[in-house]
Every structure is written in structure tokens, then in C-alpha cells.
Colleague: 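Here it is, the structure, as C-alpha cells.
Note on naming: letters A, B, ... go to the chains in the order of the sequence lines (proteins, then strands), and numbering restarts at 1 for each one.
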Number of protein chains: 2
Amino acid sequence: MTYTLEQLRGLVAVAEELHFGRAAARLRMTQPPLSRQIQKLEAAVGAQLLERDTRRVTLTPAGHAFLAEARRILSIAEAAPALAQRVSSGFRGLVRMAFTSASTFGILGRLLNELEARLPEVHLELYEMVTREQIDALTGEDIDLGLARPPFDPELFESRLLHREALLLAVHEDHPLAGLDRAVVPADLATEPLIFHSQRKARYFYDLVVSMVPLAQERVVHTVSQVMTMLWLVSAGRGVAFVPASARLVGVPGVAFLPIATPIAEPVELHLLWPRRSHNPALARVLDALEHVML
Amino acid sequence: MTYTLEQLRGLVAVAEELHFGRAAARLRMTQPPLSRQIQKLEAAVGAQLLERDTRRVTLTPAGHAFLAEARRILSIAEAAPALAQRVSSGFRGLVRMAFTSASTFGILGRLLNELEARLPEVHLELYEMVTREQIDALTGEDIDLGLARPPFDPELFESRLLHREALLLAVHEDHPLAGLDRAVVPADLATEPLIFHSQRKARYFYDLVVSMVPLAQERVVHTVSQVMTMLWLVSAGRGVAFVPASARLVGVPGVAFLPIATPIAEPVELHLLWPRRSHNPALARVLDALEHVML
DNA sequence: ATTGACTGATACCTTTTCGGCATGACTTAC
DNA sequence: GTAAGTCATGCCGAAAAGGTATCAGTCAAT
């Protein structure tokens, strides 16, 4: 045999009023069923909780101890629905978000500040992944949201353009081009050793640069997938590299950044990316909160 | 509308099995009422907790959050009766105990060690009081148990002899009597200035000494109620005093203790004292634990 | 594509539980 | 001694809960 929350509410009321009649009135019921509630509670607990003297009601020591537990139970029980509702509405919860390393450095902080201010109860878990890994993780439901580069399969994913930036040429600061007072054109790079993006692992940048700047692939001296690596190779004097403007924010010494003449001023896109069929209510709130944010 | 502990047990079972049929079997019921329990719980909570797909059952984020609260509630609810039973049986609880200061120093520690070993869940609160105060506090239910000196009103109190000790004469170490190689007799004190017990505040010692050692009251130079005070006055050379043997344990410098020839070898009694009509179950266990302890 | 197995929801009925009223048993106060 | 107050008990009707049968939807195998 076990007891019910109603019986605990009865006990609390009687313990506070020390009078069955008044306690019953407070619970909007009559005294007899309240007396029976307490009797059943005592039977279920296996100890006398109240001393009834037909003239006064007192808590036994066991009653005192059990009352404290009853109050703990009831306070959790009363607060739990509101908690579940906040989670259900998405104002509280967990969003696991992936981002592409170096290229996101500049905007990730601002994005997190925005979310913290608007959704203080939503916890963000951050994962560093390249676009390909993000897509796999979104499909496998290991993350809820990505900051990634196109293209995406519109069958499976929704996305929103979050940020555009220019494509720059990273050169060693002692390089002759570093003093140039105009934008770099393909002809300037006719004999330069190139540090280039991997066609497989950094497909977006590969396709972008190829479409923006016609170049001879045979001058590629390194094939790399991370912006960070490119910067270090440039710093080491291995060649020149095409990087997004946000690479400036990474403090790699001895690297200069030059504008490039491209058909589109800011061709590098960063998108918010999420699965069409997500069951995480907090994701919807996060997307709402970022609706009008363009970083 | 509110929910019940049974519904929480239903939720936990379904969340663990992720299958209504198996969960119902575990709860020794059939599947339909369990489905209705969960529906009512969701209605009461105001959020969907489970995603049912006629093929698989999943927890929603709100369900996860609420499940954790449900487990907290149930674990308290399941542990609470055992707690109440321990309190009810007296194996756990609080006993407020008074003791007379100096004269109890020697035995109080041993008594507390004994109780700690036998009743580790019973907390003892200690109060320092003279016998008169103890009787008042027991009557007013401010304490549960006293360590006091007779006499007691047997109508209101029960008591048990806990300790006997000798009556000693405290003298300054430079006093001529300090070198005596036999017990002191009344004649030795014919001209000594006496530090004596207050007839009102230390009635027990007053009556005891008067009955054991016939003396001329006109040689009393100080009237005192606490043994501690007596020792300091002896130390200051103000006279000699009758003190219980346990006063030796109080480290007051320059005081020597001499045996006294008394009709009874150990006339000073210390009793356990408690109200006949106590409602504290822990008191009964403490008395049981001390049943055969004679300190 | 059809069929059978599986699973949660629903309809309906029976049993249990719960609350309310009337009243009893007992104590306290005047 | 009587009256007022308080908790417990008996009884009844209403509400709630559980069980059986069945429905509706999905998946897998033929």
C-alpha cells in the first residue's frame, strides 16, 4: 500500500492548522474525508504522524520528520509542470551547435551573446566541425544546429544566410605584393606558389575560389582543409592563400591580407543550418531569436 | 487539476521500457489504463512528455526534464516512510539533555560516547543547568532528559541512579591539613573558615553535607551554588569546601583534595531524570541504551 | 500490393475509491 | 450538569480507476 500527493497536502494543511476542521476548509472539503486521508497516510507510512486528543492536535516526532519530506515532495511536484512547460516551449533546454573553426571566430562570440541575452535558460553546447561533419552530425541527430558553408540538401535541411564576407589573399608580410595599393588580380599571381583548399574536405572554398579567380592548379604546393593551417603555412613563407576576411582576426604573425578583385564583393557565405524535421523546441526559439540577426 | 504519484510511476516505467505493454506488465496492470494515466499526466502537466508513433515511444525534451523531477519525487516518497518509522521507533531523533556543570564533567563524555556508539542517528543537544533549572525545563518540555541530584517528585518524574561518588574536602595545597595521612573528621574543621553550599540554589549538597558532617554554620564565609566557584575560592585561600570527587577533574591550581570520614562511602548521587509522560520516542531508546550503564 | 503481426488509443463495463452528510464518542468550559 | 467543540465512524451517492474487447495505424514479409 502506498500514499498519494493528496494525502500529503492533507497532512501539511493539518500540520499548519493543527485543526482538522480548519484544514479541511482550506482544502475545500469537509472534515470526515480529511480524517480518513490522514488515517490512510499513517497506515501507508507505518507510523503515527499526529497525536489527536479530541481537544488538540499535535505532530509526533515522526510526523515532524515526515512533514519535512512531504513539503519537499510537494514543492518539487508543484514546480515540475512549469519546468516541463518551459522546456516544451523551447525557452529552456539544450541546443548542440557546431561551427567551422577559424572562419567563425569573429561572429560566434556575438551570436552567443545575443542568445544568452534573449534565451538565458537555453544552454548551448558547442562543437567544432567542418561543414561535412556538421551535415553528418545533423543527420545522426548528434547536433541540432550548424554554422556551415553551402551547398545543402534542401530535402533534409533548412538554412539561412547569416554572414557574408570578402575573400582576401594572405601573403607573407615581406612578400613583394604586400605593398600593392590596389586589389589583387589573377595576373598578379601568375608565378606565385599557391596554398590551396582541398577539393574534398573544403569543397566550398575550393569551388568558390576556382569560380572567382581562374588559376593554374599546377602551382599548388599544399592542399589544406583548414584556414588556420593555411595561415601558418603563409607565415612560414610557403606561398599565398585565399582566405575569408575573418581570418584577419586570427593572430598569426607575419601575415598580410590583400583585397582581391572578385565578381562579387563578399562572396564567402556562412549559413545557419538545421534539419527540417527537428524535435527540439529550443532550436525553434534559437532560430526565432536569430531571425533578424545578420552578423 | 493535478497529478498523482501513480502517474509518475507510470511515466518512469514507460520511459524506461519505451513500450506501454511492457511498462504495464511491470506495474502489474494492463496497457489501456496505463495509456490513460500518461494522457492525464500530460494534461495535468500541460506539456507532451512522450512521442507515440504507434511503432515506437520516445521521450520529448519536456518529458526528459519532467522525468528527472518525477524520479526525485519518487525517491523521496519511497524513502520517507522508513525515515518516519526510525523516528517513531526512537532510533533516530533528537534528545535535549541537561547536565549540572562541574560535577558531570567526568562522566558526561563517557555517556555521550556510549550513546553515539549505540544510537548513531539520535542527536543529543546539551544544556548546562543546575537541578532546579532542569526540573523546570523538563516540566516545560524544553528538555527531555536531565542529569541531576535528588530529590525529585515521583508523581511527575522517573529517575535512575547513574553515578555515586565520595565527598572530599577541598583545601589550599599549603594548608596544614593537606599533609594529613588519614580521613578528615569534623573535629579537624573546628576553626576552619567554610565555603558552603547555598541552601536554596544548591539544596542537595547543602542537605547532604549537613547530614554527613555536623558543623557550626557560623563559620561559613561564603555561600555558593556552583562547585566551580568553590574551587576558585579555595584556590584563593578563602577557606575549605566540601566537593564531589569529580571536582578533582577540574584543573584548578593550588587545590588539594582530602578524604572525609562519612557514614556512607560515596554519598554523592547523580541521577538520570525524565518526565513520566514524555512523548519523545528517542528518549525511550536513550534510556534503554543506558539501562545497564553505571558510570 | 496484400496480409499478418504489433502497438497505442478508445469504448464500454465493473469495481474501487472518495467525498459529503448525519451522527457518535469524548473532552473541556461555564 | 450541560453545552459547545472536535475528531472518528457509518452510510450513501458520485467520481475515478482498472479490465476486456476492439479499433486504427505502421511495419515487414511474402
Colleague: When you measure from the side-chain N and O atoms of B/Arg52 to the phosphate of C/dT7, is any distance below 4.0 Å, counting only OP1 and OP2?
Modeller: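 No, outside the criterion.
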Colleague: Assess the residue pair B/Val14 and B/Phe20 against the criterion (side chain to side chain contact (heavy atoms under 4.5 Å, CB included)); give the C-alpha distance rounded to whole Å, side-chain angles, the decisive distance to 0.1 Å, and a yes or no.
Modeller: CA-CA 6 Å; B/Val14 175; B/Phe20 278 74; 4.1 Å; yes
Colleague: Using a 6.0 Å cut-off, check whether atom CZ of B/Arg26 has over 12 heavy atoms from anything other than its own residue.
Modeller: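 Result for CZ/B/Arg26: enclosed.
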Colleague: In the structure I gave you, are the side-chain heavy atoms of A/Thr58 and A/Leu18 within less than 4.5 Å of one another anywhere?
Modeller: no
Colleague: Could you state the atom-to-atom distance from CE of A/Met29 to P of C/dC21 in whole Å?
Modeller: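 Atom-to-atom, A/Met29 to C/dC21, this comes out as 12 Å.
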Colleague: Using a cut-off of 6.0 Å, state whether more than 12 heavy atoms not belonging to B/Arg164 lie near its atom CZ.
Modeller: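 Yes, the 6.0 Å shell around CZ holds more than 12 heavy atoms from other groups.
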Colleague: Figure out the CZ/P separation between B/Arg22 and C/dC6, and round it to whole Å.
Modeller: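 Rounded to whole Å, this separation is 12 Å.
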Colleague: Crowded around A/Glu125 CD? As in, over 12 foreign heavy atoms under 6.0 Å?
Modeller: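 Yes, CD of A/Glu125 has more than 12 neighbouring heavy atoms, counting only those of other groups under 6.0 Å.
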Colleague: From CD of A/Gln7 over to C1' of C/dG19, roughly how many Å is that when rounded to an integer?
Modeller: 14 Å
Colleague: When the ring planes of B/Phe205 and B/His197 are compared, do they come out parallel, tilted or perpendicular, using 30° and 60° as the limits?
Modeller: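 Taking B/His197 first and then B/Phe205, their aromatic rings lie parallel (interplane angle under 30°).
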Colleague: In this structure, how many angstroms lie between the C1' atom of C/dA9 and the NE2 atom of B/His19, rounded?
Modeller: 14 Å
Colleague: Please list residues of residues 31-48 of chain B whose heavy atoms come under 4.0 Å from any atom in DNA chain C, ordered by number; otherwise none.
Modeller: B/Gln31, B/Pro32, B/Ser35, B/Arg36, B/Gln39
Colleague: Would one find more than 12 heavy atoms of other residues, nucleotides or ligands at under 6.0 Å from atom CZ of B/Arg276?
Modeller: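 Result for CZ/B/Arg276: enclosed.
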Colleague: Under 3.5 Å, is there a donor-acceptor pair between the side chain of A/Glu42 and the main chain of A/Leu50?
Modeller: yes
Colleague: Within this structure, what is the CZ-to-C1' distance between B/Phe20 and C/dT10, rounded to whole angstrom?
Modeller: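 Distance check: B/Phe20 CZ to C/dT10 C1' gives 14 Å.
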Colleague: Which letters describe nucleotides 25-30 of chain C, given B = protein heavy atom under 4.0 Å from base, S = only from sugar-phosphate, - = neither?
Modeller: --BS--
Colleague: Quick check for you: name the first and last nucleotides of DNA chain D, 5' to 3', having an atom under 4.0 Å from a heavy atom of chain B.
Modeller: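 First-to-last contact on DNA chain D, by the 4.0 Å heavy-atom rule, is D/dA17 to D/dC27.
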Colleague: Can you confirm whether A/Glu141 is buried at CD, in the sense that more than 12 heavy atoms of other residues, nucleotides or ligands lie under 6.0 Å from that atom?
Modeller: no
Colleague: Report yes or no: is the cationic atom of B/Arg86 (NZ for Lys, CZ for Arg) under 6.0 Å from the centre of the six-membered ring of B/Phe91, at an angle within 45° of the ring normal?
Modeller: no
Colleague: Measure from the side-chain N and O atoms of A/Gln134 to the backbone N and O of A/Leu147, and report whether any donor-acceptor pair falls under 3.5 Å.
Modeller: yes
